[in-house]
Every structure is written in structure tokens, then in C-alpha cells.
Amino acid sequence: MHWIDRVARALLKRGKKHVIASGISISGHIHVGHSNDVFIADGIRRAVEESGGKATALWYADDYDPMRRIPWPLNQGEHAERYRKYLGMPYIDIPSPDPEYENFVEYFSKSFVDSLRDFGVKVKVYSGAKIYRSGKMSRLVKTALENAGEIRKILNRYRSTPLPDDWLPYDAICEKCGKIATTKAFAWDGSVVKYRCEGCDYAPGCGHEGESDYTNGEGKLTWRVEWPARWKLLGVTCEPFGKDHAVAGGSYDTGRSIAKRIFNYDAPYPVPYEWVSFRGDRMSSSRGVVFTLPQWLEIAEPELLRYFIFRSKSMKAKDFDPGLPLLDLYDEFDMIEQVYFDRRDVAEPKRKKQYKRIYELSLVGPPPIRPVQRLPFRFAAVLCQVTQDEQHAIEIMTSKGILAKPSGRDIRLALIRLRRARNWVSKYAPERLRFRVLKEVPVEAVRRLTEKQKEGLARLADDLSSRDYTPVELHNRIYEIGKSIELKPSELFKAVYLALLGRESGPRVGNFVSVLDREFVIGRFRDAVNL
RNA sequence: GGGCCCGUAGCGCAGUCUGGCCAGCGCACCGGCCUUUUAAGCCGGGUGUCGCGGGUUCGAAUCCCGCCGGGCCCGCCA
């Protein structure tokens, strides 16, 4: 059974209706590592619904948290200086570097939130700032303040230095300097919390002493208390979260105790997950080691990211590399798709079931009724470099048997892939996979051809003008010609590449040459010979 | 100091919850396809002390204990 279904089953044992929460701090660009969170939440939502339960998934922007570090790219150049003064302020109150966006939060989160739909993720979006400012959190804040002593005890169980006696689980926003990280609450009365703006290790305080009305969202609960309060507020029954929270004595542990003892609420079913690294490096929005959802869509189908997340267990570390390893991801996805449609067999029935389930979870929409035919991405990466013309590409795909009697949908999917392949080649493909069919004879390169190589090209040109060749036949011709004129096939391969690309290697000759215009190739070979 | 994950074929991994057709997948590799395959060839092939040592069991990659190696997270910010 897939782990998502196991979670769903555990949830359904507890009840029929579920709220699965996800969310993150808006500490910079939201990357595919963060998206793990929402994707898992949404996957569970789907699984619960499929098993007859009711479920909603939500995504909560922690946009009322303070900015602790200036994120990339604002930590570069002139921005860095300009943004320093916002350190310690709630993200929501920080301006956008780009006037196109309303503020910092929108600047960093809009494209992410907007992309979710493309990935088939259906979540209700919440903003922490809005919730606090609407007053919805007031009752819970009050409960927390009333029970500050009890909460302190719970937290102290895991602390080496106990919290001070006058500690309150509240972070006020300084009415004078606007910072939230710098204040220390020391008393409360009615609807206000008294604070002093003392500063913190990354932001200076202004020394102001004031009162913060928590019923208007002039401050927020401190994280370890806010989390359980939020569970209660939104009725959260399940939540995936990064392994940092999952640590013993971490915020989930304390959150569970606080939820139970203070808010009289059972903590949500936890689903801890591992991080996603990027080319072996930890993704980090502050350092700019990011790969975002829109970037993903430039080079790969949304299903592929879902597949990437759901193919292995949540606590399994994943590494994403948009270079060569992306090709394997494509191939694997195409493989399980064929398994899904029983067009490919898998030895173990158990595994086959697993593949089918992973495939379903990877889909953005309902499963297609008819089997899907895919243009292999590796081939798309060659094809897109041979022709820019989509009609021509379709002709090649159909006439060369790459797609057998494709449906309209197959063609549409192939064209989308072709466009993505084009982006991939230009942005992420290693140099050796890139080529350009030269419009003119590459004189320099062709001068290096030996007489034998020229003879080979001449023969090849004659053959091509005499009849049609399939890619395989063409490939075989290289060997046959080589043999008949005592030229090593590899030399003839090189000659072909030199004449067309001006270099010594390229895509498989049979496929490559057969997708090119025949007259063009013949002419090119003859020109090369006669040079 | 605490917590988690990983260790299965050359590489990347699934399988571990619920012990028994679980020794498997992809790529790579090897052999053959006319002593021909550079980047969609075709067919065939598993190349393995399931990290190590104990234990439980009729039976262990799977459960328990210990150890070794690699990685990550938390240490009071979230």
C-alpha cells in the first residue's frame, strides 16, 4: 500500500472529515522543496476522498513571521542595503522590490500559489497576517496568555535554560519601529499586551515601550504556541511538516502537548518529510539555491513533479537535478504510465499495483481512459533542435513511427513536450547534447575530412538520392559503406557530423539524418566533398 | 546531548509497516542480431554475503538487540 493511502486509512480510522494543513514561511522564493509540503497535503486529501471520507487541504502562508535574513536576490547589490532596515519586521509589512507586486509576500509567493492549480493541487489558501488582523485568533491568544505559566512549563521540559517567569507566548509588533522580532512581552491585561522593543540578535530594537492589542492582530503568538492554536482554529486533523519540526522535543512535540493541555485539542496526524536538495545542495531560499514551480513547468510536465514526490517515501531524502537526471525521471514516468495501461509488464504483481497507484497520484486530473502515447523526451531533445516548425515535427513523429497512429491528444502532448525539450536544451542540457544544424557548409571543419571520408559522404549522398531510408537502414548504410571502401564506420560518423554540425559527434545518425530535409543533406554532403 | 533517514546489482532505487513466489525495477554492463550501432535500434542475459554480528522463528532484506559506515535535523528562531 502506498504511504499516502496508509495515512488516509489512519485518518479514516479517526473520523470521516479531515482538514489537512500545509504551509510555509515566506522567507524568499518558494521552491520545489517547499512544495513537498502542499503536494503531500493535497495527495492525502485525494486519498481520503477516494476512500470515502471528506477532506480539504489548506496552505497557510506564514507571512506574519519576522524576516530573519534578507533572502536572495534581495541580499545582492543595492537591495541588500535597502532591505536591512526591514530585518525583524513581519514579511507582510515589507515592500516588494518590484512595483508589479503589492508587497514582499506577494512578490515571493504569487507565482507559487498561482502555479498550484497547474499541478493539480487544490488547497484553500490562508494568510497568517489576515487571520490575526481579522481577530479570528483573539480567543486563542487570550487562552494562551491566561495559561502562559502552564505553557512555559511544557516548553521548559525541553529547554536547558528555562523561560523567565514573566514570559508570555506573544510577539508584539512594535508600534514605533514596526518590528516583531525585537519586542519582549512582559505583562498583559484585557486585550493588550505590554512590551518593550529590546532588539534581537539580528535586528536592533528601538527601545519603545508600548501596548499591543492582540484582538486587532498587533502581534502574534510565538511559533510553538501558534502552531497548536492554528490547529484548533482551523480544525486541522493532519499535517505534513519538515523533519526539523519532527525532532523529539521539537515544535510538533510541544505543539501536541499544548494543543491537548491548553486548547483541549488532539494534535493532527503528523506526516514528517525529508528535504529536497538541488544538485546535492540543500535548497535554500535565502541563499538562492532554488528551483521553483514555474521553472519546473518550463522543462517538465506537472505530473513529473508529483511523480518525483510520490514515488518514494516521504522521509526519503530526494535530490533534484534538472540536468541529465531529468531524462531518467521522464523515462521512469513514461514507464509507469505504460504499466498503468497494461502495455508493459512488471514481474511482481505487488510492484505493479504500486506503480499504478503512484501513477494515479502523479496525475493532475482524472486518469485518461485511453492509453497515452508519449514522445520520449530524449528524442524530443533531438527533434527540437532539428526543427522549429511544429507541423514539421508532427510529420516527422508520425512518419518515422515514433508515434503510431497518434490521437489528437497524443500530438498535443508531444508538442508540449517538444516545447519543454527546447527549453531544457537551452537551459539545462549538457553541452554535448546541444547542436545546431549549420545553414552553411562549415568550411573549417570540412577541410579536416580525409579523402576516404569524402568518398563515404559522396556514397551516402548517392544512396540518399536513390531511395528512402528508414532511420535503421540509414544507420546500417554507414557500416556498409565503411566496409566497402575500407573506412572505419566511426570515421564516417564523424564525417557526417562534421558536414552537418561542424563537430565530431552528434545524435544517432539514422534518426538524426532522417529527420532532416533529404535534399538539404544530399546537397550538404556533396558540397563538403567538393570543397 | 537528543532525534531522524540511508546502507539491497557498477550507479540510482523499490521491497521493510503486515516475515513465506521479495531477490526486484530503471540506467549501465555483457552476449547475439551480416566479425555494424555515438544521443528512441532489436533480442537475450542478473552480474547480489540485501552493511556487520547476535537473537526470535519451521522460515528474516523484512521483527528484536548491539555495532560499523554515510547523511541530515534540532539544541531552545521558526
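Only this structure's heavy atoms are used, side chains among them; waters, hydrogens and symmetry mates stay out.
In this structure, Ser27(A) reaches neither bases nor backbone, as no heavy-atom distance under 4.0 Å exists between it and the strands shown. Within 4.0 Å of Arg374(A), counting heavy atoms only, lies no atom of the nucleic acid at all. Within 4.0 Å (heavy atoms only), Asp244(A) reaches at least one base atom of the nucleic acid. Gly506(A) comes within contact range of at least one nucleobase, with a heavy-atom separation under 4.0 Å. Residue Trp275(A) is in sugar-phosphate contact alone, with no base atom involved, counting any heavy-atom pair closer than 4.0 Å across all strands shown. Counting non-hydrogen atoms under 4.0 angstrom, Glu226(A) reaches nothing in the nucleic acid. Looking at heavy-atom distances under 4.0 Å, Thr222(A) makes contact with sugar-phosphate atoms alone, never a base.
No hydrogens or angles considered: a donor-acceptor pair under 3.5 Å links the side chains of His245(A) and Ser251(A). When only modelled atom types and interatomic distance are considered, Ser286(A) and Ser284(A) share a side-chain donor-acceptor pair under 3.5 Å. There is no side-chain donor-acceptor pair under 3.5 Å between Glu332(A) and Tyr355(A). Residues Tyr170(A) and Thr183(A) have side chains that never bring a donor and an acceptor to within less than 3.5 angstrom of each other.
When the nucleotides A40(B), C25(B), C5(B) are ranked by their closest atom to the side chain of Met315(A), C5(B) comes out on top. Considering only the side chain of Val247(A), C74(B) comes nearest among C74(B), A39(B), U36(B). Among A14(B), U36(B), C17(B), the nucleotide with an atom closest to any side-chain atom of Asn476(A) is U36(B).
Residue whose closest nucleotide on RNA chain B sits further toward the 5' end, between Arg9(A) and Glu274(A): Arg9(A). Comparing Asp331(A) and His475(A), the nucleotide of RNA chain B nearest to each residue sits closer to the 5' end for Asp331(A).
As the counterpart of G59(B), no nucleotide is assigned, since no Watson-Crick or G-U wobble pattern has both distances under 3.5 Å. Shown here, G1(B) forms a base pair with C74(B); the pair counts as Watson-Crick or G-U wobble because both key distances fall under 3.5 Å.
Following rounding to the nearest Å, Lys13(A) (NZ) and U18(B) (C1') show an atom-to-atom distance of 11 Å. If you measure from atom NZ of Lys220(A) to atom C1' of C77(B), you get 10 Å, rounded to the nearest angstrom. For the pair Glu431(A) CD and U38(B) P, the computed distance is 21 Å after rounding to whole Å. Computed from coordinates, the Ile478(A) CD1 to G41(B) P distance equals 18 Å when rounded to whole Å. Rounded to whole angstrom, the span from the NE2 atom of His245(A) across to the P atom of G75(B) amounts to 11 Å. One atom, OH of Tyr307(A), and another, P of C13(B), lie 12 Å apart when rounded to the nearest Å. Atom CD of Glu480(A) is separated from atom C1' of U37(B) by 12 Å (rounded to the nearest Å). One can place CG of Leu403(A) at 15 Å from P of A40(B), the figure rounded to the nearest angstrom.
A donor-acceptor pair under 3.5 Å links the side-chain atoms of Arg287(A) to the main chain of Arg282(A), judged by distance alone. For the pair Arg524(A) (side chain) and Leu438(A) (backbone), a donor-acceptor distance under 3.5 Å is present. A donor-acceptor distance shorter than 3.5 angstrom exists from the side chain of Arg503(A) to the backbone of Ser505(A), with no hydrogens or angles considered.
Proximity of Arg508(A) to the phosphate of A40(B): a side-chain N or O atom is located under 4.0 Å from OP1 or OP2. The side chain of Tyr479(A) contributes an N or O atom lying less than 4.0 Å from OP1 or OP2 of U38(B). Distances shorter than 4.0 Å separate some side-chain N or O of Lys316(A) from OP1 or OP2 on A14(B). Listed pair Arg282(A) / C73(B) meets the phosphate criterion, a side-chain N or O lying under 4.0 Å from OP1 or OP2.
Separation of the P atoms belonging to G24(B) and C50(B) is 14 Å when rounded to the nearest angstrom. Comparing the C1' positions of A9(B) and C27(B) gives an interatomic distance of 12 Å, to the nearest angstrom. C21(B) and C63(B) are spaced 16 Å apart, taking the P atom of each and rounding to whole Å. Annotation: G51(B) and A60(B) have their C1' atoms spaced 16 Å apart (nearest Å). With P as the reference atom, G48(B) and C6(B) are 25 Å apart, rounded to whole Å. The same atom, C1', is picked in C29(B) and in G12(B); the two are 15 Å apart, to the nearest Å. A distance of about 24 Å separates the P atoms of A14(B) and C74(B), rounded to the whole Å. Spacing between C5(B) and C77(B) at atom P, rounded to whole Å, works out to 27 Å.
Of the residues in residues 487-502 of chain A, those lying under 4.0 Å from RNA chain B by heavy-atom distance are Ser490(A), Phe493(A), Lys494(A), Tyr497(A).
Between the CG atom of Asp410(A) and the CG atom of Leu415(A) there is a distance of 11.0 Å, given to the nearest 0.5 Å. Rounding to the nearest 0.5 angstrom, the gap separating the CG atom in Leu383(A) from the CZ atom in Arg422(A) is 8.0 Å.
Between Trp275(A) and Tyr273(A), the ring-plane angle classifies as perpendicular under the 30° and 60° cut-offs.
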